[in-house]
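One structure is given below, encoded as structure tokens.
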Amino acid sequence: MSIRNLYINYMESPKGFDVRKSRIQWELDTDEKVLVQIEKDKVIFSQEVENQNYIDIDLDLDELTQYTYSVQTKEDKKSNTFITPKYTNWKADFITPVQENSAIVEKEFEIHKEVASSYISIVGLGVYEAYMNDEFVNQEYLMPGYHCYNDYLQYQTYPLHLKQGKNTLSVLLGNGWYKGRLGFSGGFYKVYGDKLALIFEIKINYVDGTSEIISSDEACTSRTCPFSSNGMYDGEIFDANQKDNEKAKVSVLNLDTSLLQPRISLPIVKREEFKPELIVTDKNEMVLDFKQNIVGWVECDVKESIHLRFGEILQDGCFYNENYRTANFGYQYIGDGQERKIRPHFAFFGFRYVLVEGLKEVNVDSFKAYAIYSDLVETGYIETGNEKVNQLVSNAKWSQKDNFLDVPTDCPQRDERLGWTGDAQAFSGTALFNMNCIPFYSKYMKDMACEQFKLDGGVPNVVPCLYPKLENYAGDASVPLDKIKGYASFLSGHSFCPWADAATIIPWNTYKMSGNPDVLKEMYPSMKAWADYQIQHEAQGDDHVPYLFDHGFHFADWLALDNPKPGPFGKTDSYYVASLYYYVSCLYTSKAAAVLGYEESSYYYLYAMEIKKAIRNKYLTDGLVNVGTQTGFVIALCFDLLEKDEVQKNADALAQMIEENNGKLSTGFVGTPKLCFALSQNGHEKLAYNLLLNEDYPGWLHEINLGATTIWERWNSVLEDGHMNPAGMNSLNHYAYGSILEWMYREVGGLNEVEPGFKKAKIAPKVDKRLGMAKIMYQSVSGTYKVEWKFEDKVSLKVNIPIGCSATIVLPISKKEVEVTSGHYEFVES
Ligand code: BGC
């Protein structure tokens with residue numbers, strides 16, 4: 001096979017995405033001309049492409065149609081399909097059932113002619129599953145996912161199999177993110193809507209050339225669902241005894257159909273399957289251990305009632321999930337004596353361990369867990385000679401899968417699971433190597449833009465943002481109103497640095513990997529809006545220094561270990577951090593504008609330079625950063641604050657500070673992602689490796705030694721004795737510190753783009769004998785790079801450059817530079 005990795009708009013076979021503006025991309029093993037074609041009954045597009053592995057096309061595509069797109073060489077042909085969504089205005093109405101938390105909405109219709117094709121355009125709110133004559137239509141879960149429902153509504157498109165005579169569409173509706181409980185400290189109900197809702201149009205094309213549309217309307221009926229209770233945090237209760245076959249009328253709901261747009265969220269799919277081992281604890285609990293902290297659910301065959309509760313860790317050998325706070329209920333099935341295969345429909349869980357309650361005996365073979373996450377292609381691979389480092393790599397990848405369920409979340413298990421912008425920006429550089437996140441971040445950035453529009457360019461702490469109504473507070477009735485107000489305003493808080501800088505950092509990181517100006521163009525309004533917001537809101541207070549962002553609250557180096565004051569805030573001056581990211585945001589906006597040919601590029605550049613000058617004036621003494629923390633040096637070094645002749649002494653000062661801290665890091669969410677870069681790019685490779693390989697607290701391998709299978713929120717979320725940190729706020733699945741993988745791709749593997757999109761790369765691995773070997777692979781949009789080194793007596797290096805690409809290889813010992821084009825290269829040095 002000489003053709004691989006064929007995608008349209010970064011997806012393999014998209015259904016219901018609008019791909020009229022499309023990029024078709026492929027990878028070849030040989031340097032050949034290809035023929036790109038798109039066809040339905042006949043070929044509608046055909047073009048030869050040479051010296052390029054993609055083509056951008058503006059296509060005139062019919063709605064609700066399946067097309068095949070293909071790429072062929074002389075010997076090989078590869079093809080995939082896509083289905084277009086409906087483009088025209090909706091004629092159907094939103095309907096709502098009488099039931100409150102869940103319902104089965106049905107529509108019956110007759111078919112008496114031969115059907116050529118049929119598609120459903122549909123969205124149910126909160127979450128839905130659609131069945132046509134009992135066949136699961138979506139084959140994806142928790143649809144329509146989580147987006148800014150108040151600003152736009154994504155509908156999905158699926159092909160249908162209809163039969164002659166009576167057909168029944170049944171749609172299960174549950175609360176989901178839309179109207180179930182969301183937010184910490186008790187949370188709020190009905191954040192986005194207060195009624196279940198459904199809209200659909202089934203288009204039937206008959207063989208005789210006629211067509212028909214069946215829509216959601218008052219002729220639909222609803223039945224009570226056995227899912228008596230459901231919610232993202234509250235799990236699900238399925239009562240099989242609740243057999244209500246009485247059909248109730250539905251009513252038309254006044255929801256704006258002009259908000260409807262074809263989907264942009266990737267499908268949420270079932271991926272890896274896990275089989276458990278049974279543990280009977282000292283408390284006589286039956287606990288299933290799936291060996292990997294995942295996000296998804298458990299499926300099993302049961303007759304009796306059963307209650308499954310989920311946890312990430314055992315405590316003293318027994319079941320534990322206090323760190324889930326109020327999201328600890330799990331999944332309960334109340335049986336009616338009939339054997340059934342059960343699974344949740346309206347909830348997901350983060351877990352490694354599952355407490356099984358209600359069964360006299362547990363037959364482990366009947367339980368399976370499934371990982372559920374957005375349908376992303378894995379593009380990055382890292383293997384080293386150190387098993388613990390390999391486990392760390394696996395942990396970071398799992399934390400990504402577990403937290404990439406439509407929205408990049410902080411954590412997937414406790415009563416939070418929100419799109420925290422700070423976590424997302426810290427991890428984005430790594431995420432984009434691990435998986436093809438371009439469509440995933442495009443959707444997140446669309447949500448961010450919607451939110452920024454309401455905030456004059458400000459960026460909320462969580463995207464999608466929550467603006468709950470106080471009367472919908474879901475916590476304890478005794479909580480005073482001013483406290484509830486405080487919770488609500490924190491949830492809708494915005495423009496805290498460097499969380500808000502996700503608006504510029506994620507687009508820029510995505511552009512570095514995609515190399516596609518169209519992707520950047522879509523995201524650019526967010527960048528500009530945030531830079532402008534900061535410029536407008538910079539001046540405040542008597543002590544304000546022009547060009548510094550020196551007021552207000554900022555998360556800054558969240559969870560750093562250097563603050564003698566207890567609490568989650570690091571010691572690094574939050575105005576230094578905010579000002580530095582102000583500089584970064586203006587600089588990235590200027591760079592993006594330059595790529596897009598916008599004149600305003602120089603405006604943001606000049607602004608960035610003034611900010612840089614002001615930061616240097618205040619936060620540098622004799623060319624040295626005077627902030628007094630590791631993170632202070634790290635971000636100055638990595639974000640280009642320093643003059644050439646200042647770099648080394650700042651890097652040396654950082655190294656010395658680490659040495660004085662017993663060779664340990666003390667950084668939080670801001671410093672950690674860049675820490676090893678600041679060292680290894682400035683002559684302190686050995687120290688960067690020391691930090692990576694350090695097995696004591698605090699360090700990446702410390703948690704590996706304590707059995708972690710995902711990345712923890714805190715360096716010491718679990719104490720040495722295996723107990724959870726009593727400080728609270730302990731998730732064992734928070735990806736921020738997994739950002740070390742970007743350092744491994746870029747410094748251990750040495751793989752960096754010279755041009756966005758990796759058409760040209762620089763490969764300069766930093767080798768260390770203690771690691772033994774490293775194998776790094778990255779399926780870039782331009783092709784797959786491989787770098788493999790071994791450090792025994794000699795250092796050997798093997799490199800693969802994909803077709804159509806070129807690279808500068810910097811040999812690890814001699815630092816000799818070799819210019820190469822596509823092919824395989826081997827070097828040995830001593
Ligand atoms: C979240 C974080 C987030 C932080 C900021 C936490 O509760 O889990 O990861 O960034 O709050 O306040």
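Any value given below was found using the heavy atoms of this structure, including those in side chains, with hydrogens, waters and symmetry copies removed. Fair warning: this is a prediction, and the values are worked out from it, not measured in the lab.
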Determine whether more than 12 heavy atoms belonging to other residues, nucleotides or ligands lie under 6.0 Å from atom [atom1] of [X].
X: Lys512; atom1: NZ; value: yes
X: Lys760; atom1: NZ; value: yes
X: Glu599; atom1: CD; value: no
X: Lys521; atom1: NZ; value: no
X: Asp256; atom1: CG; value: yes
X: Glu819; atom1: CD; value: yes
X: Asp60; atom1: CG; value: no
X: Lys86; atom1: NZ; value: yes

Report the C-alpha distance between Ile95 and Val105 in whole Å, list the side-chain angles of each, state the deciding distance to 0.1 Å, and finish with yes or no for side-chain contact (heavy atoms from CB on, under 4.5 Å).
CA-CA 9 Å; Ile95 52 171; Val105 177; 3.9 Å; yes
Contact between Asn80 and Ile8 at the side-chain level, heavy atoms closer than 4.5 Å - yes or no?
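With C-beta onward as the side chain, the pair stays apart.
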Below 4.0 angstrom, N of the basic side chain to O of the carboxylate: do [X] and [Y] qualify?
X: Lys759; Y: Glu755; answer: no
X: Glu299; Y: Lys341; answer: no
X: Glu201; Y: Lys91; answer: no
X: Glu108; Y: Lys247; answer: yes
X: Asp62; Y: Lys40; answer: yes
X: Arg4; Y: Glu27; answer: yes
X: Lys21; Y: Asp56; answer: no
X: Lys397; Y: Glu378; answer: yes
X: Glu272; Y: Lys401; answer: yes
X: Asp18; Y: Arg263; answer: no

Are Tyr155 and Trp90 close enough that their ring centres sit under 6.0 Å apart?
yes
Is the Phe758 to Tyr778 ring centre distance short of 6.0 Å?
yes
Any luck finding a side-chain donor-acceptor pair between [X] and [Y] under 3.5 Å?
X: Thr73; Y: Glu75; result: no
X: Asn403; Y: Thr409; result: yes
X: Asn752; Y: Arg746; result: yes
X: Tyr131; Y: Glu129; result: yes
X: Gln261; Y: Lys446; result: yes
X: Asn436; Y: Thr379; result: no

Axial cation check for Phe136 ring with Arg343, 6.0 Å and 45° limits:
yes
Do the numbers put Lys203 on top of the ring of Tyr119, so that NZ or CZ is under 6.0 Å from the six-membered ring centre and no more than 45° off the axis?
no
Would you call the rings of Tyr69 and Phe82 parallel, tilted or perpendicular, where under 30° means parallel and over 60° means perpendicular?
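Judged by the thresholds at 30° and 60°, the geometry between Tyr69 and Phe82 is tilted.
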Which label fits Phe433 and Tyr745: parallel for a plane angle under 30°, tilted from 30 to 60°, or perpendicular past 60°?
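Phe433 vs Tyr745 ring planes: parallel.
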Full working for salt bridge (Lys or Arg N to Asp or Glu O under 4.0 Å) between Glu600 and Lys528
CA-CA 10 Å; Glu600 63 213 33; Lys528 178 177 163 60; 3.7 Å; yes
Under the criterion ring pair (Phe, Tyr, Trp, His ring centres under 6.0 Å), I'd like the reasoning laid out for Trp398 against Phe274: C-alpha separation, chi angles, the key distance, then a yes or no.
CA-CA 14 Å; Trp398 269 107; Phe274 295 85; 5.6 Å; yes
Between the main-chain N or O of Thr68 and the side-chain N or O of Ser79, is there a donor-acceptor pair closer than 3.5 Å?
no
Side-chain donor or acceptor of Gln452 paired with backbone N/O of Ser526 under 3.5 Å:
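Confirmed, Gln452 side chain pairs with Ser526 backbone.
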Nearest heavy atoms of [X] and [Y], plus distance in Å:
X: Ser514; Y: Val781; result: O-CG2, 3.5 Å
X: Val519; Y: Ser442; result: CG1-OG, 4.3 Å
X: Leu405; Y: Ile372; result: CD1-O, 3.6 Å

Sole residue of Tyr141, Tyr146, Trp177, Tyr178 in side chain to side chain contact (heavy atoms under 4.5 Å, CB included) with Val127
Trp177
Report the C-alpha separation of Thr510 and Ile438 in whole Å, then their side-chain angles, then the decisive distance to 0.1 Å, and conclude whether the side-chain contact (heavy atoms from CB on, under 4.5 Å) test is met.
CA-CA 6 Å; Thr510 307; Ile438 300 166; 4.2 Å; yes
